[in-house]
Amino acid sequence: MTSDGLPDLRREPHPNPMPDAERERLIADPGFGTIFTDHMFTMSYTEGRGWHDARLGPYEPLSLSPASAALHYAQEIFEGLKAYRYPDGGIGLFRPDANARRLNVSADRMAMPHLPEQWFIDSIREVLAVDAAWVPRQEEASLYIRPYMFASEQFLGVRPAKEYRYLVIASPAAAYFKHGPKPLTLWVSEEYNRAGPGGTGAAKCGGNYAASLLPQSEAIDHGCDQVVFLDAVEYRYVDELGGMNLFFVYEGDRVIYTPELGTILPGITRDAIFTLAAEAGWEVRETRYSLDRWREDAESGALTEAFACGTAAVVTPVGTVKSRDGEFRIAGGEAGKFTMELRRHILDLQHGRAEDTHGWTLRVA
Ligand SMILES: *Cc1c(COP(=O)(O)O)cnc(C)c1O
């Protein structure tokens with residue numbers, strides 16, 4: 001096994017990819033996560049042999065043993081990133097090396113094998129090389145890329161599997177908000193939590209999402225967009241949303257706060273915001289941040305903005321927070337200036353409209 005090229009790579013392009021007109025119709029209004037490109041990348045891992053049988057081929061159903069370990073014990077991890085269309089028609093990725101590293105951090109926690117970082121990038125390049133036409137051109141749309149790894153071994157005993165599959169699929173995605181971002185209304189879950197100390201909260205694994213679905217439905221039932229989770233010990237400190245990190249803006253002090261790492265997912269958008277906010281003269285403090293403080297400071301006006309962030313929705317204002325005890329608004333429920341400027345700045349970097357002074361972008365076409 002070498003880490004130069006993808007091992008045993010075979011390229012077997014789709015014999016009849018989607019006709020141009022049909023594809024163009026689909027990517028003009030793709031929604032999110034239901035349409036997939038013509039191709040996918042797959043690779044297998046066996047203990048002792050390592051990674052092998054890299055293949056770029058048609059997007060098609062998998063053939064799996066019904067006893068595959070992931071189907072029973074959820075040994076599965078994933079990543080999410082986007083390919084962006086640049087103004088000159090080229091295509092770029094935003095910090096894919098950070099996704100590659102994070103996949104391996106998740107793999108460690110879930111007792112799964114590492115994937116060499118270069119192969120992560122190469123596998124995405126393979127898909128984009130054949131499916132470049134699927135990257136939308138309209139403002140804020142993108143091609144969402146989903147690399148993932150799961151335990152494929154046929155085995156019902158409980159131990160880390162000895163066989164895995166790694167795949168990359170891609171799905172055109174519309175702008176998250178059709179008419180620009182609308183401030184979110186959040187529901188505070190005081191009955192369920194997402195992740196406890198020593199748990200899997202910092203790993204990007206499907207199991208965390210499974211645990212968030214019931215509280216997320218509860219949020220919808222209460223007329224909210226998203227659930228916000230508190231810490232699992234005292235139910236006092238804010239963790240994050242089901243799939244987005246949170247920030248709290250204090251314009252008067254020129255400080256932004258965000259929950260410290262531990263049980264939350266270390267977002268790449270979160271990390272980019274540290275750099276961009278510092279460059280704009282803001283201090284960023286990673287700290288425990290309580291729900292009580294959130295409410296008091298929103299009511300006194302000391303807290304001037306709050307926002308959520310992640311690859312899917314970029315940077316999105318939080319307008320209202322509801323819980324069993326009532327609700328409060330941040331800045332009258334309106335989107336704040338810092339939030340919207342930050343959002344614009346990140347989008348400009350991602351879409352190749354602003355100069356990349358951080359080495360964050362990787363042009364692939
Ligand atoms: C992926 C994810 C995020 C956001 O991470 P980004 O790298 O910014 O996309 C936040 N929280 C959870 C639980 C996630 O799975």
Side-chain angles (χ1 to χ4, degrees), residues 32-33 74 76-84 93-107 109-110 117 120-121 124 140 142-149 170-171 173 176 181 184 186 189 192-196 199-216 219 225-232 238-247 256 258-277 284 286 289 306-316 318 339 342-343 345-347 349-350 358 360-362:
F32 184 83
E76 187 267 357
I77 55 176
F78 65 94
E79 272 303 325
L81 68 164
K82 289 169 166 176
Y84 304 92
L93 301 169
F94 186 71
R95 308 191 68 187
D97 52 320
N99 295 94
R101 279 195 298 278
R102 187 170 66 187
L103 184 80
N104 285 334
V105 173
S106 300
R109 179 61 184 86
M110 304 298 283
E117 287 173 25
F120 178 91
I121 308 280
I124 293 170
E140 287 194 26
S142 59
L143 182 65
Y144 185 81
I145 300 169
R146 168 54 57 86
Y148 62 108
M149 190 198 297
S171 175
Y176 200 82
L184 296 173
L186 304 181
S189 182
Y192 304 106
N193 61 68
R194 174 183 171 275
T200 58
K204 211 168 173 74
C205 63
N208 290 341
Y209 278 74
S212 76
L213 299 178
L214 177 63
Q216 173 63 28
D225 303 301
Q226 291 277 330
V227 57
V228 50
F229 290 106
L230 301 177
D231 77 280
V238 177
D239 261 2
E240 63 169 318
L241 312 188
M244 283 188 266
N245 297 125
L246 278 170
F247 280 88
I256 61 176
T258 195
E260 62 195 356
L261 295 180
T263 55
I264 65 167
L265 201 283
I268 295 165
T269 318
R270 175 183 182 275
D271 185 76
I273 289 168
F274 288 5
T275 303
L276 298 176
V284 184
E286 289 179 86
Y289 189 95
F307 63 87
C309 67
T311 296
V314 198
V315 166
T316 301
V318 174
T339 303
L342 183 65
R343 175 184 169 79
H345 192 171
I346 294 179
L347 281 167
L349 286 166
Q350 291 173 332
H358 306 98
W360 282 345
T361 58
L362 179 68

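For ligands, and for the atoms within them, numbers begin at 1 and follow the listed sequence. Keep in mind the model is a prediction, meaning the values are calculated, not measured.
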For the pair N99 (side chain) and E79 (backbone), establish whether a donor and an acceptor sit closer than 3.5 Å, ignoring hydrogens and angles.
no
Judged by atom type as modelled, is there a donor-acceptor pair below 3.5 Å linking the side chain of N208 to the main-chain atoms of A203?
yes
Evaluate ring pair (Phe, Tyr, Trp, His ring centres under 6.0 Å) for F94 paired with Y84, printing each intermediate quantity in order.
CA-CA 8 Å; F94 186 71; Y84 304 92; 7.1 Å; no
Are any of the side-chain heavy atoms of R101 and V105 separated by less than 4.5 Å?
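No - every pair of side-chain heavy atoms lies 4.5 Å or more apart.
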Is any side-chain heavy atom of F247 closer than 4.5 Å to one of R270?
yes
Ligand-protein N/O pairs under 3.5 Å (ligand 1):
unit_1   : atom_1 : unit_2 : atom_2 : d
ligand 1 : 7 (O)  : R102   : NH1    : 2.8
ligand 1 : 7 (O)  : R102   : NH2    : 3.1
ligand 1 : 7 (O)  : I268   : N      : 2.8
ligand 1 : 8 (O)  : I268   : N      : 3.3
ligand 1 : 8 (O)  : T269   : N      : 3.0
ligand 1 : 8 (O)  : T269   : OG1    : 2.6
ligand 1 : 9 (O)  : T311   : N      : 2.9
ligand 1 : 9 (O)  : T311   : OG1    : 2.6
ligand 1 : 11 (N) : E240   : OE1    : 2.6
ligand 1 : 15 (O) : K204   : NZ     : 2.7
ligand 1 : 15 (O) : Y209   : OH     : 2.5

Residues R146 and Y148: side-chain donor-acceptor under 3.5 angstrom
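The criterion, which ignores hydrogens and geometry beyond distance, is not satisfied for Y148 and R146.
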